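What follows is one structure encoded as structure tokens, with my remarks underneath.
Quick caveat: nothing in here was measured; it's all calculated off a predicted structure.
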Amino acid sequence: MSTEEKSLHFIEQIIEDSLASGFPQDKLRFRFPPEPNGYLHIGHAKSICLNFGLGLKYNAPVNLRFDDTNPAKEEQEYVDAIKEDLQWLGFNWAEERYASDYFQQLYDWAVAMIKNGKAYVDSQSSEAMAMQKGTPTQPGVDGPFRNRSVKENLSLFEAMKNGDFPEGSHVLRAKIDMTSTNMLMRDPLMYRVLHRHHHRTGNDWKIYPMYDYAHGESDYIEQISHSICTLEFVMHRELYNWFLDQIYDATKVRPNQYEFARLNLNYTVMSKRKLLQLVEDKLVNSWDDPRMPTISGLRRRGYTAKSIRNFCETIGVAKRENVIDVSLLEFCLREDLNKTTPRVMAVLDPVKLVITNYPEGKEEWLEAENNQEDESAGFRKVPFSRELYIEREDFLEEAPAKFFRLSIGNEVRLKNGYIIKGESVTKDSNGNIIEIQATYDTDSLSGSGTEASKRKVAGTLHWVSISHAIEAEVRLYDRLFIDEAPDSHKEKNFLDFMNKTSLEIAKGFVEPSLANAQSNDKFQFQRLGYFNVDNDSSASKLVFNKTVGLKDAWEEKGKKEENLLMNMLKEINKYVKEKDSTAAEIILKSIIDNIKNIDNYSLIINTIVKNIKNDNNALLFANFVLKHSDKVAAKDIEIEQITKLYSMSLKSQLASVRILVIENLKNDSHNFSNFQPQLLELKNSEKNENVLELLKSI
């Protein structure tokens, strides 16, 4: 019992406490309440798994309720997509409900509130209302229409409903407390005039309820026991309860709101508005573009429902916000796909390999294991012949010591096949290799049990037989953004961090067993990663999407960039000490090239800031990075930090630091004028001719 209690997350514990206090289990009811104004994304998956998971755990109904109170942004397309996503994730709802089902009831309750002096029609402009609402530290003041008579309020509200007024002319506000410390309680809006067509009610209504009013009342109508939402609604709870107070009948279940930390995932954006912008600006192909964090995009890319459910279970339910690394999501995916996907061979960047001692016209059908993780998956036959395709990167004429692939004079094994030895190459007029010649050991067939087959070689390569290969379009997807938090930088637009290589298309060749592959079929292309058949695929053209690599390339890249920056500081020290100008230039070029190769914006910013200290070499490094990185500019750095960098660098004992900071200031129109006095002072005291020459130019 104690073990089970320890494993409960805090919302389960709340429910357990409710039941222990006498709340009837048969009255438990939950809901998932999306707004149909966009496609669901991975962040919604956490809420879906939480609410429907509670329903399964407690054998309680879970409603799917669309909070469709804003016809300006809502469409039937989104309703249909949300339902499809939920079913794909493996969840079934008890009832399909809509806030629009309750428009008449919500209106009637609003009329009752007007009669009870709890609501009034306000005719101020939105700007005026914002001013009289005050600030978090300053109480609001009553507006000029707050004390309208009940009769006038009822008349105006009915006219609003009938469409007698234009949009923005009047609103209905709750009459609560304009001095409340919670600004949401300062007479919040309940209704606004909108002459918009609603996807379900058509043109029947000219006024629409605000989310804060409709949401809790809809929970009450549906008798939801535990209304679970994300942390940004903590301050809304008081208002949620106030609206319930106006209608609550003690004979019914009163909903209670509880908040949990939403899912924040790095290397992406979760704002529906920003995702919509990506679609509308055609920066992605659609809501289900495989680079999008939408559930439909993940599904099309090749994610499994199980991997997403496992991910949500792994991250758990917490009260504090945190950022989850997308690599965890990819790990959950690999873990699932590794157990379930058949292994096949595909070559995405082909170069021809001819086995010169293999008989022309001969072919063999070799036995290949479908999935070593699944004994029941069995085996398949793959054709082998004299002419094959291998990956271009799997061959080097002259290989370094740690190159474990094919090269002239060295041996490798062909997967499921023979050991071959590189002999020679044929090149085109530009010096590009167009054919590799090799010989094979006739006794080395994999699994044959011969001494030759047991011989250890440098590596194993995948391949496809040219005469049997099927051409395919392979879409190589990668992360859509190159920064960990693309929408968190004040001075930058999140679009500035889009990954220019998030989609590359290759013409590849796959083994013939894939000839009849169907949409959404999933495979592991051996040594390359996991792929699935895209919806665009047809009988005449196979199209595959790269789902995820076999390893986390981004983690490797991140470590590589961090190490590169650490080593660069050592190179700076060598550069400063180097007395030979030619050698110094070589070191400098290497430093600049490495700076240009680093993409991680946050890492670059942190490197600059970390090196703003009373150390000449560190200041030199910080200025080098600022000057030569095309990912950051001076305006991206906090004003206090950039000012400190410039001030300390202008006073540096190293002339090279002073030269660099002057060059950086010349390119910084925001701060240049602020440093004119220091530059003038330096001009009067400077001894170095190169620095003086540069100062004269400005």
Side-chain angles (χ1 to χ4, degrees), residues 88-90 298-299 301-311 313-314 327-348 363-384 388 390-391 394 404 412-419 443-465 468-470 472 474 508-533 537 542 544-552:
W88 176 75
L89 281 170
L298 294 170
R299 178 168 66 244
R301 184 158 175 168
Y303 273 74
T304 63
K306 184 179 179 181
S307 68
I308 293 175
R309 294 196 305 268
N310 288 347
F311 170 68
E313 185 178 345
T314 301
S327 62
L328 177 59
L329 175 62
E330 293 172 346
F331 170 81
C332 292
L333 176 62
R334 285 191 196 94
E335 195 174 50
D336 187 31
L337 292 176
N338 183 48
K339 297 171 185 172
T340 58
T341 55
R343 276 53 167 166
V344 297
M345 289 194 286
V347 175
L348 305 188
E363 65 178 45
E364 295 177 72
W365 288 81
L366 307 178
E367 194 167 73
E369 193 174 16
N370 286 327
N371 186 346
Q372 64 270 31
E373 301 292 326
D374 178 6
E375 290 183 9
S376 66
F379 292 81
R380 71 190 186 286
K381 296 288 187 179
V382 291
F384 185 85
L388 311 173
I390 65 169
E391 295 287 350
D394 280 343
F404 301 118
V412 294
R413 175 174 292 286
L414 296 175
K415 181 72 176 171
N416 306 306
Y418 297 93
I419 292 173
D443 293 328
S444 64
L445 181 61
S446 180
S448 63
T450 64
E451 285 301 313
S453 70
K454 297 175 184 176
R455 192 163 75 249
K456 293 197 173 178
V457 291
T460 301
L461 308 186
H462 62 277
W463 51 273
V464 291
S465 168
H468 302 86
I470 299 172
V474 184
F509 293 91
V510 299
E511 65 175 69
S513 69
L514 298 179
N516 298 314
Q518 301 296 307
S519 178
N520 294 317
D521 284 354
K522 295 168 176 57
F523 303 93
Q524 185 196 101
F525 288 1
Q526 289 183 307
R527 298 178 67 231
L528 298 175
Y530 295 97
F531 293 75
N532 91 309
V533 183
S537 202
L542 277 175
F544 291 92
N545 297 329
K546 182 175 182 180
T547 306
V548 68
L550 295 175
K551 295 180 180 178
D552 187 349

Nearest 0.5 Å please: distance from the CG atom of L528 over to the CZ atom of F544. 12.0 Å
Can you confirm whether L348 sits close enough to F509 that some side-chain heavy atom of one is under 4.5 Å from a side-chain heavy atom of the other? no
How many angstroms lie between atom OG of S446 and atom CD1 of I419, to the nearest 0.5 angstrom? 9.0 Å
Can you give me the closest heavy-atom contact between L445 and L366, atom names plus distance? CD1-CD2, 3.8 Å
How close do L388 and S465 get, counting heavy atoms only, and between which atoms? CD2-CA, 3.7 Å
Gap between atom CZ of F379 and atom CG of N416 - 0.5 Å precision: 9.5 Å
So, do E511 and K381 sit near enough that their side-chain heavy atoms are less than 4.5 Å apart? no
Kindly check if the number of other-residue, nucleotide or ligand heavy atoms within 6.0 Å of CD (E363) is above 12? yes
Which heavy-atom pair separates K546 from R301 by the least distance, and what is that distance? O-NE, 3.4 Å
Is the CD atom of Q372 crowded by more than 12 outside heavy atoms at less than 6.0 Å? yes
Write down the atom of N532, the atom of R299, and the distance for their closest heavy-atom approach. ND2-O, 4.3 Å
Can any side-chain N or O of Q518 pair as donor or acceptor with the backbone N or O of N516 at less than 3.5 Å? yes
Shortest non-hydrogen contact between I390 and L461, atoms and distance: CD1-CD1, 4.4 Å
Does the side chain of T547 come within less than 4.5 Å of K522's, by heavy atoms? no
Roughly how far, to the nearest 0.5 Å, is the CG atom of N370 from the CZ atom of F523? 10.0 Å
With no hydrogens and no angle check, is any side-chain donor or acceptor of N371 less than 3.5 Å from a backbone partner on E373? yes
Check for a donor-acceptor pair, side chain of R343 on one end and backbone N or O of E369 on the other, with a separation under 3.5 Å. no
Are the side chains of E330 and F311 in contact, using a 4.5 Å heavy-atom criterion? no
Is there a donor-acceptor pair closer than 3.5 Å between any side-chain N or O of R413 and the backbone N or O of G417? yes
Please determine which of V474, V464, L542 meets the side-chain contact (heavy atoms from CB on, under 4.5 Å) test together with V510. L542
At what distance, to the nearest 0.5 angstrom, does CG of L514 lie from CZ of F525? 6.0 Å
Could you walk me through whether V548 and R334 pass side chain to side chain contact (heavy atoms under 4.5 Å, CB included), step by step? CA-CA 8 Å; V548 68; R334 285 191 196 94; 3.6 Å; yes
Under 3.5 Å, is there a donor-acceptor pair linking the side chains of D443 and T450? no
Could you give me the CA-CA distance, side-chain angles and deciding distance for H468 and W365, then say whether side chain to side chain contact (heavy atoms under 4.5 Å, CB included) is met? CA-CA 11 Å; H468 302 86; W365 288 81; 4.1 Å; yes
Is any side-chain heavy atom of H462 closer than 4.5 Å to one of D394? yes
Cationic N near anionic O, under 4.0 Å, R527 to E391: no
Donor-acceptor pair, W463 side chain versus K415 backbone, under 3.5 Å? yes
Report the C-alpha separation of V344 and F531 in whole Å, then their side-chain angles, then the decisive distance to 0.1 Å, and conclude whether the side chain to side chain contact (heavy atoms under 4.5 Å, CB included) test is met. CA-CA 10 Å; V344 297; F531 293 75; over 6 Å; no
Between K456 (side chain only) and K454 (backbone N and O only), is there a donor and an acceptor less than 3.5 Å apart? no
Heavy-atom closest pair, residues T304 and D336: OG1-OD2, 2.6 Å
Kindly assign one of parallel, tilted or perpendicular to the pair F384 and Y418, based on the angle between their ring planes and the thresholds 30° and 60°. tilted
To the closest 0.5 Å, what do you measure between CZ (F331) and CG (D552)? 11.5 Å
